[in-house]
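Below, chains carry the letters A, B, ... as their sequence lines are ordered, and counting in each starts from 1. Values below: all heavy atoms of this structure, side chains included; hydrogens, waters and symmetry mates excluded.
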Amino acid sequence: MSWGKVLQREFYNRDPITVAKELLGKVLVRETPEGVTAGVVVETEAYLAQGDPANHAFRGMTSRNKSMFGPPGHAYVYRIHQVCCLNVVTEPEGVPSAVLIRALMPIEGIEMMRERLGRFDSLPTTGPGKLCKAMAIDLSLDGWDLTLGEQLWVVEGNEPVEFAESDIAVTTRIGVTAAKDLPLRFFLKRQPFVNFVSHRGDRRR
DNA sequence: ACGGGGATCGGCT
DNA sequence: GCCGATCCCCGTA
C-alpha cells in the first residue's frame, strides 16, 4: 500500500542539486483519512547550505527553518502568503539544505485535489502552494519523516514518466529576490504540469 | 498574452 | 512593523 519502493535516507543524504534532479520522475504520495493523492514530480528547486542567500537558513537556525538542520529525508514545510510549500531536507544533519517541490503531474486523486482547491482546476498541482493545498500538506507535516511510507512519502514509482537527461531543463529559481542568478531550478521539458509563469530561461510550450 | 496589485499571515529585525 | 521560495483576479491588447 506504499506504491512501490519508498525512497530511503541515502537518497536524500546527498547534495541538493543531485537530489533536485533525481527527484524528477519520482512519485509524491499523500494519504489522509479522506484518501490518497499522488503525482509525478516534474519541477524542483535546490536551496544550498553554502553561498545561497535565498535559503531560509542562510542566517542560521530559527524556529521556522529548524527542520532543515535535522536529518535528511524529512519534510521542511513553511508558510508564505497564505499558503504552504513543501521541501525535502537533504545532506547530513546540521547541514541546512533542501529541495522545493514546485509541480507534479497528478496520477491519483485528482478529483479530491480539485475539491480541496474549491473549484475546477485543470492543473491542480502547478505551483508549490497550490500542490500543498491540493494534497492537504500543511505546517503539521513540518519535520515529518518521509522514509516511513505513511501520510507523506516519495516512491521510486517505476518511472511513470520516461525522460532522458537531455529532457531536464535548468533555469534560475522562481520568485526569489536573493541569489536570483543561480541555475538551481530543474524541470521536465514538454511537461504541461510544469509551473506556467513567465520566467527568464523558460521555453514556450 | 502579460503585467500589476491585493490578499492576509508567520517569522524575523 | 515589514516582508516574503505565492496565487488569483482583473485590467489592457
Side-chain angles (χ1 to χ4, degrees), chain A residues 12 15-17 19-21 23-24 28 39 41-70 72 74-91 95-104 106 110 113-144 146 152 154 169-187 192-205:
Chain A
Y12 301 102
D15 75 274
I17 294 175
V19 175
K21 284 194 275 195
L23 226 31
L24 297 174
L28 179 70
V41 178
V42 296
E43 181 184 1
T44 58
E45 283 176 0
Y47 287 85
L48 312 183
Q50 296 295 327
D52 183 5
N55 187 330
H56 289 164
F58 185 65
R59 291 170 204 286
M61 196 184 335
T62 67
S63 58
R64 174 176 62 161
N65 66 27
K66 61 183 184 304
S67 296
M68 255 199 283
F69 289 82
H74 289 245
Y76 166 45
V77 181
Y78 69 92
R79 190 181 181 103
I80 182 172
H81 290 106
Q82 293 76 258
V83 295
C84 288
C85 295
L86 170 68
N87 296 248
V88 303
V89 175
T90 56
E91 297 187 295
V95 182
S97 62
V99 174
L100 173 68
I101 311 289
R102 287 197 58 89
L104 308 170
I110 193 166
M113 293 175 181
R114 288 172 177 145
E115 281 174 35
R116 286 175 176 145
L117 291 179
R119 68 196 141 85
F120 180 87
D121 187 329
S122 61
L123 304 171
T125 51
T126 56
K130 205 161 74 165
L131 78 86
C132 281
K133 188 171 183 187
M135 296 181 89
I137 295 167
D138 58 24
L139 291 181
S140 70
L141 286 166
D142 182 35
W144 183 257
L146 300 168
L152 182 66
V154 186
V170 184
T171 74
T172 57
R173 294 171 293 186
I174 289 179
V176 297
T177 52
K180 59 174 183 288
D181 293 327
L182 296 180
L184 294 175
R185 172 176 174 241
F186 306 91
F187 62 90
F193 285 90
V194 167
N195 196 24
F196 189 32
V197 299
S198 82
H199 184 248
R200 186 160 50 108
D202 277 16
R203 203 174 259 258
R204 282 184 66 81
R205 289 194 287 119

Engineer: Nearest-Å distance, CD1 (I174(A)) to P (dC7(C))?
Structural biologist: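 From I174(A) CD1 to dC7(C) P: 9 Å.
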Engineer: Just to be sure I understand: a Watson-Crick pair is purine N1 to pyrimidine N3 plus N6-O4 or O6-N4, both under 3.5 Å. Using that and G-U wobbles, which stems of three or more pairs involve DNA chain B?
Structural biologist: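 In DNA chain B, stems of three or more pairs: B:1-7 with C:6-12, B:9-12 with C:1-4.
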Engineer: Would you check if the side chain of D52(A) reaches a backbone N or O of Y47(A) as a donor-acceptor pair within less than 3.5 Å?
Structural biologist: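 No.
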Engineer: dG4(C), OP1 or OP2 - any side-chain N/O from R64(A) closer than 4.0 Å?
Structural biologist: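 Indeed not, no polar side-chain atom of R64(A) lies that close.
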Engineer: Below 4.0 angstrom from OP1 or OP2 of dA5(C), is there any side-chain N or O of H56(A)?
Structural biologist: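 For H56(A), the contact criterion (side-chain N or O under 4.0 Å from OP1 or OP2 of dA5(C)) is met.
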Engineer: Please state whether the base of dA7(B) and the side chain of Q82(A) form at least one donor-acceptor pair under 3.5 Å?
Structural biologist: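 Yes, a donor-acceptor pair under 3.5 Å.
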Engineer: Nearest of dC9(B), dG4(C), dC7(C) to any side-chain atom of K130(A)?
Structural biologist: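 Taking heavy atoms from C-beta onward, the closest nucleotide is dC7(C).
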Engineer: Figure out the CG/C1' separation between L123(A) and dC8(C), and round it to whole Å.
Structural biologist: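 Nearest whole value for this atom pair: 14 Å.
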Engineer: Can you tell me if K130(A) uses its side chain to pair, donor with acceptor, with the backbone of L123(A) under 3.5 Å?
Structural biologist: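 Looks like yes, one N/O pair under 3.5 Å.
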Engineer: Which whole-number value in Å describes the distance from D121(A) CG to dT6(C) P?
Structural biologist: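 Rounding to the nearest Å, CG of D121(A) and P of dT6(C) are 17 Å apart.
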Engineer: Let me know the distance between OH of Y78(A) and P of dG10(B), rounded to the nearest Å.
Structural biologist: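 One finds 15 Å between P of dG10(B) and OH of Y78(A), rounded.
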Engineer: What integer distance in Å separates H81(A):NE2 from dA7(B):P?
Structural biologist: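 Computing the H81(A):NE2 to dA7(B):P distance gives 12 Å.
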Engineer: Tell me whether R102(A) contacts the main-chain N or O of F186(A) through its side chain, where contact means a donor paired with an acceptor under 3.5 Å.
Structural biologist: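 Flag not set: sc R102(A) to bb F186(A) has no pair under 3.5 Å.
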Engineer: Step by step, would you call L86(A) with L28(A) a side-chain contact (heavy atoms from CB on, under 4.5 Å)?
Structural biologist: CA-CA 11 Å; L86(A) 170 68; L28(A) 179 70; 3.8 Å; yes
Engineer: Do the charged groups of D121(A) and K133(A) touch, with an N to O distance under 4.0 Å?
Structural biologist: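 Not counted as a salt bridge, because no side-chain N and carboxylate O are separated by less than 4.0 Å.
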Engineer: With a 3.5 Å distance limit and no angle check, can you tell me whether R116(A) reaches the backbone of A134(A) through a side-chain donor-acceptor pair?
Structural biologist: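 Yes; at least one donor-acceptor contact below 3.5 Å.
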Engineer: In whole angstroms, how far is the P atom of dA7(B) from the CD1 atom of I80(A)?
Structural biologist: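 The distance from CD1 of I80(A) to P of dA7(B) comes to 17 Å, rounded to the nearest Å.
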Engineer: Hey, which sits more toward the 5' end of DNA chain B by its nearest nucleotide, R59(A) or L139(A)?
Structural biologist: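 Result: L139(A).
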Engineer: Could you give the distance from OG1 (T172(A)) to NZ (K180(A)), rounded to the nearest 0.5 Å?
Structural biologist: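 It comes to 9.5 Å.
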Engineer: So what does M68(A) touch, heavy atoms closer than 4.0 Å: a base, only the sugar-phosphate, or nothing?
Structural biologist: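 Base contact.
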Engineer: Rounded to whole angstroms, how far apart are CG on D142(A) and C1' on dG10(B)?
Structural biologist: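 Value for this atom pair: 12 Å.
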Engineer: Atom CG of L117(A) to atom C1' of dC7(C): distance rounded to whole Å?
Structural biologist: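 That distance rounds to 11 Å.
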